[in-house]
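Input: one structure, supplied below.
To find a chain, count down the sequence lines: A is the first, B the second, and so on, and within it residues start at 1.
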Amino acid sequence: MSAETPAKKNYKDTVRLPKTDFPMKADLVTREPQRLAKWEAGGLYQRIMKQSAGRPKFVLHDGPPFANGDVHMGTALNKVLKDIIVKSKTMAGHHAPFIPGWDCHGLPIEFKVVKEAKDLAPAEIRTRSEAYARKFIDIQRQSFKRLGIFGDWENPYLTLTPGYEADIMRTFAKFVEKGLVYRAKRPVQWSYGAQTALAEAEVEYKEKTSPAIYVKFAVLTPGFSRLQEDGYSLVIWTTTPWTLPANLGIALHPDFEYTAGTFAHEDGRQEKLILANSRLEAFSASTGFKLDESRPTTKFKGSTLKGAEAQHPFLPRGSKVINALFVTNDTGTGAVHMAPGHGADDYIAGKENGLEVLSPVDDQGNFTAECGLPEFVGQHVFKSNEGIIAILEGKGALLGNEKYVHQYPHCWRSKTPIIFRAVEQFFIRINDFRQDALKAIDTVNWLPAWGRNRIHGTVESRPDWCISRQRTWGVPLPVFYAADGSILMEGEISRKVADAVELHGTNLWFEKDDAFWCDLIGLPEGSKRCKDTLDVWIDSGSSSVAVLERHPELYCPADVYIEGTDQHRGWFQSSLMVSVAVRGTAPYKTVITNGFVVDTSGKKISKSDQEQQGDDKGKDGKDKEKAKSGKPMTAEHYFNKYGSDMVRLWAASVDYQNDVPFSEELFQQTGESYRRIRNTFRVLLGNLNDEKVEQASSLPEATKMVAPHSYTLIDRWILERLHSIVSDCLAGFAAYDFRKVVSTITQFVSGDLSALYIDITKDRMYCDAENSPRRRATQAAIREITETLTKLLAPILAYTADETWEFLGHADSVHLQDFPQPNETFANAEAGAAVEDLLKARAVIQQAIEAARQAKKIGSNLEATVKLTLPEAGFAHAIFSDLPALQEFFILSDLHLTRGPDLAATVEVCTNPKCERCWKLLPDVGTIAEHPTLCGRCAEAVG
RNA sequence: GGGCAUGUAGCUCAGUUGGUUAGAGCACCGCCUUGAUAAGGCGGGGGUCACUGGUUCGAGUCCAGUCCUGCCCA
């Protein structure tokens, strides 16, 4: 009576279902830290280095992030890409050390420190800045390690260490020795907010409203040729009225046509003015002054007035008329106000024409006595615009005044508008080696290729490098001033400073007095140290000297630099310029750029935006709201919520050479891919659970236990596919195309493994006798597939691959393995051709079955009787006459074959009895007395 | 405003020297399965290939222009 129940149960127990402890739920957030701890305890990175010692080297040089703030997703993307490169190069047979670094000096840190406590002594600022930097180095290091990035984390390079600082100074010494450094009073981009000069890379452009005014300058020189009468005024246009006290000249384009004539205003005013012809109309539209055609006018070229003298509108001095080619005719009047102390073009043109450099503005951006207007001394220049306009108006020199909205440079740290201001600064003369740098660019492989043009253009047009900063948190500019004020700048002097710094750090410079240093260097008594520090781009730009050449494991040029696209102007360039100046060649062989992380609406999510959000919290409602709606952008948030492998998979599956879209939704999408891969690994591992122990312990020979001829067609096919997947992935890694690797593997896992191979081989794996040759053959194939995929994924899914490797029975980490090589045995795609035909037939069958299923005639495929018509031509492979093999491939109980004109299939309800064990509907069920509910195969398997 | 990039399904991306009905993965809808089950299978919907014009028998692909977005610069 109850005999059937235990019997049923018994048959179910004889089915060899996949069994594994490899969890379906990844639980990366808790498991990854455990694995990381294991890696660290075992010194995995050091072991990889030891194991790969002696192989061809591959050096990826880490561009140092600022030791400031948490790890942003953009930084995480970059670091993960670096790690994938290093791991894949290692597995491809290289010795690839990774020495991470941090950029420690500079304004961002000093700014925070000074904000927290005012009026600190320089030495104190430096102590606090170092502590600040080290705090964030630790924070970032934890995040990078957590992201699964392998490297010598305990011995990173820091630009604040004495050795590095000394090398910066020695690099400077080389510049000095090559005669590339000079000191000059030149206009620089000055931040009054941060009170320092700024480099090109330290300014950002934002919209600003400025007063745009038209001002007349009376021409003094009487009877100037071609001017028929006197009393004319040149008209200039400027958006910076505050620079007028520094006006020393007026520039005209030598070739433009100018008109001198009488202009009348509606209000009755009349003026005798000179403007460029092309600007007359715009001038009239802005000011209301129209040229009175009835009065005599004179036309002449700008070169005519060269050398004339005009009257400064409110100061008792002249303004010299000069010619300059940079005068344009798209804005203004064709006559440009020249203040050599307040503009780069002005400075150059002024120098050529013998104008002085006047810059009556102090560090805070306030006027000094030199401005010649006592009432303005001590007042901020931007607050003085209105007063100056009032003076002009009072003197009758103001012809027009409007609001002008334009993109204006701002300080990246203090966010204040910058001013051009002439101060004594140190510069590197670029022209002396610009051509060498341009040549060096063409020795480098730029990825993507347009990077070459980008940096070429940058280097071609860049001005001299302003390398001095009036800041405290940086490497001192190692030069001295003699008692008479003259400069003591020699390579030898700087080297002596460097040697002392190497031993004691740069704090020595700030702690000891001038007498100490004069004594140490051997300078005459009374000499004084320079108070400036070096531009931080010299710091990081010197890394090819301070790191690549110094570190025993590295070399120069490095094989690869990879950073965000903004570094064409930043680190790629500063590194290039330093390297070319110092050794004449580029510091890198290949330069890869990654795009910026943007949200899905295509907006840039920058680190400084994120910081702004944090900084501005609570300041006002608007920013608060912005901070609230802002998405978290720290890597920590995402690896703590989704796991590091998810961040890594995201990084590997986007087109990093363009801007990289990022959103929570995208993360969920990545999660789907991840789960698919993981679940597939889980089944594969489950199917290996009864692999012979001897096999597992004699790895990797296990995969070779079944000779190729024992494989069935479907096994040979999947191994052929695997063969080409290996080739594709290796090619993808070699081309730094990780997206290709991910999509290749994803599609293989989803399309070939999950939907076909695993599905088709379920029957033999579950229901065949344990040692049936085809079952063992498939098991061997599964081991090869799993091991191969695990190794291919290891550089990307650093944690999951390692976990899988462990479940494959290996004691040690997958990261000590090399990449698999394509198996030549399966290179000829013999099975692939047959499977192509099989898949065509399968599609036709599935459509027929689906129709029956939708019509509720059948449920599972096994309930169908399928009549398949194959075309007369083709479908010639032996398998098309092997009915059992076809039934297995199509996963059917009952298949009938005919040949006809077209490929076609019809479906009927199968009437055979169902085998209780394998669930197929087969005619021989019930023919075995011992097992009345089983088919022949199952009866035999049960024994 | 200039230089360099970019724009193919809801999302991330393929689309070879121009050549059938533009593909994949994920998402979505329906069905099946419950022996991969917080899984798996099958089927399906979904695209004016940014826009406009041109070359061509034929253009996502080549040419010109426009627009969007990003980087760098002014």
Side-chain angles (χ1 to χ4, degrees), chain A residues 12-13 15-20 22 24-25 200-201 203-205 326 328 330-331 344-345 406-409 448-458 460-462 564-570 573 593 595-598 600-604 606 650 653-655 657-663 665-676 678-687 739-740 742-751 753-756 758-760 762-763 765-767 842-843 845-856 858-863 891 917-919:
Chain A
K12 172 147 179 144
D13 289 347
V15 177
R16 271 165 275 275
L17 298 178
K19 208 174 99 187
T20 175
F22 187 80
M24 177 180 289
K25 193 167 183 296
E200 318 301 309
V203 301
E204 55 189 31
Y205 288 79
F326 65 78
T328 62
D330 51 8
T331 54
D345 286 337
H406 55 155
Q407 295 294 317
Y408 191 84
W450 49 261
R452 181 261 171 205
N453 288 341
R454 187 75 166 269
I455 193 162
H456 196 271
T458 301
E460 202 167 31
S461 63
R462 69 154 299 156
T565 58
D566 54 337
Q567 299 303 327
H568 279 124
R569 178 151 288 267
Q573 201 213 167
T593 50
F596 276 50
V597 174
V598 298
T600 33
S601 62
K603 269 186 168 177
K604 176 183 142 195
S606 78
W650 161 74
S653 55
V654 293
D655 178 14
Q657 296 197 341
N658 283 308
D659 282 337
V660 178
F662 178 84
S663 69
E665 187 201 349
L666 216 50
F667 245 76
Q668 274 143 23
Q669 193 173 310
T670 305
E672 287 305 319
S673 305
Y674 176 84
R675 274 190 283 282
R676 178 66 142 190
R678 185 177 184 91
N679 275 321
T680 305
F681 275 151
R682 184 162 177 267
V683 198
L684 294 173
L685 289 169
N687 277 319
R739 202 178 39 168
K740 171 91 178 158
V742 171
S743 70
T744 299
I745 290 180
T746 306
Q747 288 181 36
F748 176 70
V749 163
S750 186
L753 280 181
S754 192
L756 290 171
I758 293 174
D759 218 27
I760 291 167
K762 266 179 193 172
D763 178 65
M765 290 307 298
Y766 298 177
C767 300
R842 181 176 179 271
I845 292 170
Q846 292 290 10
Q847 271 161 14
I849 289 179
E850 189 57 28
R853 186 162 29 230
Q854 300 281 345
K856 302 284 178 197
I858 60 161
S860 93
N861 278 22
L862 292 174
E863 292 167 27
I891 317 180
R917 185 165 174 276
C918 73
W919 295 350

note: A:W450, atom CH2; B:C73, atom C1'; distance rounded to Å ~ 15 Å
Spell out yes or no: do the side chain of A:S754 and the base of B:A36 have one donor N/O and one acceptor N/O closer than 3.5 Å?
yes
Looking at A:R569, does any N or O in its side chain come under 4.0 Å of the phosphate oxygens OP1/OP2 on B:C73?
yes
Side-chain N or O of A:S750 closer than 4.0 Å to phosphate OP1/OP2 of B:C26:
yes
So what does A:R842 hit on the nucleic acid, given a heavy-atom distance under 4.0 Å: a base, only sugar-phosphate, or nothing?
sugar-phosphate
If you assign each of A:L753 and A:T458 to its closest nucleotide in RNA chain B, which residue comes earlier from the 5' end?
A:L753
Can you see if the side chain of A:K12 gets near the phosphate of B:G35 - specifically, an N or O under 4.0 Å from OP1 or OP2?
yes
Of the nucleotides B:U37, B:G41, B:C72, which one has an atom closest to the side chain of A:R682?
B:U37
Rounding to a whole Å, what distance do you find between A:R678:CZ and B:A39:P?
13 Å
If you look at every strand shown and take non-hydrogen atoms under 4.0 Å, does A:Q854 touch a base, only sugar-phosphate, or nothing?
base
Roughly, in whole Å, what's the span from CD in A:Q668 to P in B:G25?
21 Å
To the nearest Å, how far apart are A:F748 CZ and B:C26 P?
15 Å
What nucleic acid atoms does A:G859 come within less than 4.0 Å of, heavy atoms only: base, sugar-phosphate, or nothing?
sugar-phosphate
Stem ranges for RNA chain B, with three or more consecutive Watson-Crick or G-U pairs under 3.5 Å?
B:1-5 with B:69-73, B:10-13 with B:23-26, B:28-32 with B:40-44, B:50-54 with B:62-66
A:D566 vs A:R569, salt bridge (charged side-chain N to carboxylate O under 4.0 Å, His left out): CA-CA, chis, key distance, verdict:
CA-CA 6 Å; A:D566 54 337; A:R569 178 151 288 267; over 6 Å; no
How long is the line joining CD of A:E460 and C1' of B:C73, in whole Å?
14 Å
From the candidates B:G30, B:A14, B:A36, the one with an atom nearest any side-chain atom of A:E850 is B:G30
Per-pair stack call A:W919 and B:G35, 5.5 Å, 30°:
yes
With nearest nucleotide decided by heavy atoms, which residue, A:Q847 or A:I758, maps closer to the 5′ end of RNA chain B?
A:I758
A:I758 and A:L684, any side-chain heavy atoms less than 4.5 Å apart
yes
Would you tell me whether A:R739 and A:S653 have side-chain atoms, one donor and one acceptor, within less than 3.5 Å of each other?
no
Look at all strands and tell whether A:D566 reaches a base, only sugar-phosphate, or nothing, counting heavy atoms closer than 4.0 Å.
sugar-phosphate
Distance test, side-chain N/O of A:Y408 to OP1/OP2 of B:A74, below 4.0 Å:
no
Just N and O in the side chain of A:R676: are any of them under 4.0 Å from OP1 or OP2 of B:G40?
yes
side-chain contact (heavy atoms from CB on, under 4.5 Å) filter on A:E850, not counting sequence neighbours, yields A:R853, A:Q854
Spacing of A:L862 atom CG relative to B:G41 atom C1', expressed in whole Å
11 Å
Name the nucleic acid region contacted by A:K740, choosing base, sugar-phosphate or nothing; use a 4.0 angstrom heavy-atom cut-off, strictly under.
nothing
Across the strands shown, which category fits A:Q669 at heavy-atom distances under 4.0 angstrom: base, sugar-phosphate, nothing?
base
Remember a base hit wins even if backbone is also touched, and classify A:R16 as base, sugar-phosphate or nothing at under 4.0 Å, heavy atoms.
nothing
Base, sugar-phosphate or nothing for A:S743? Non-hydrogen atoms, less than 4.0 Å.
nothing
Hey, could you give me the OG1/CZ distance between A:T565 and A:F596, rounded to the nearest 0.5 Å?
4.5 Å
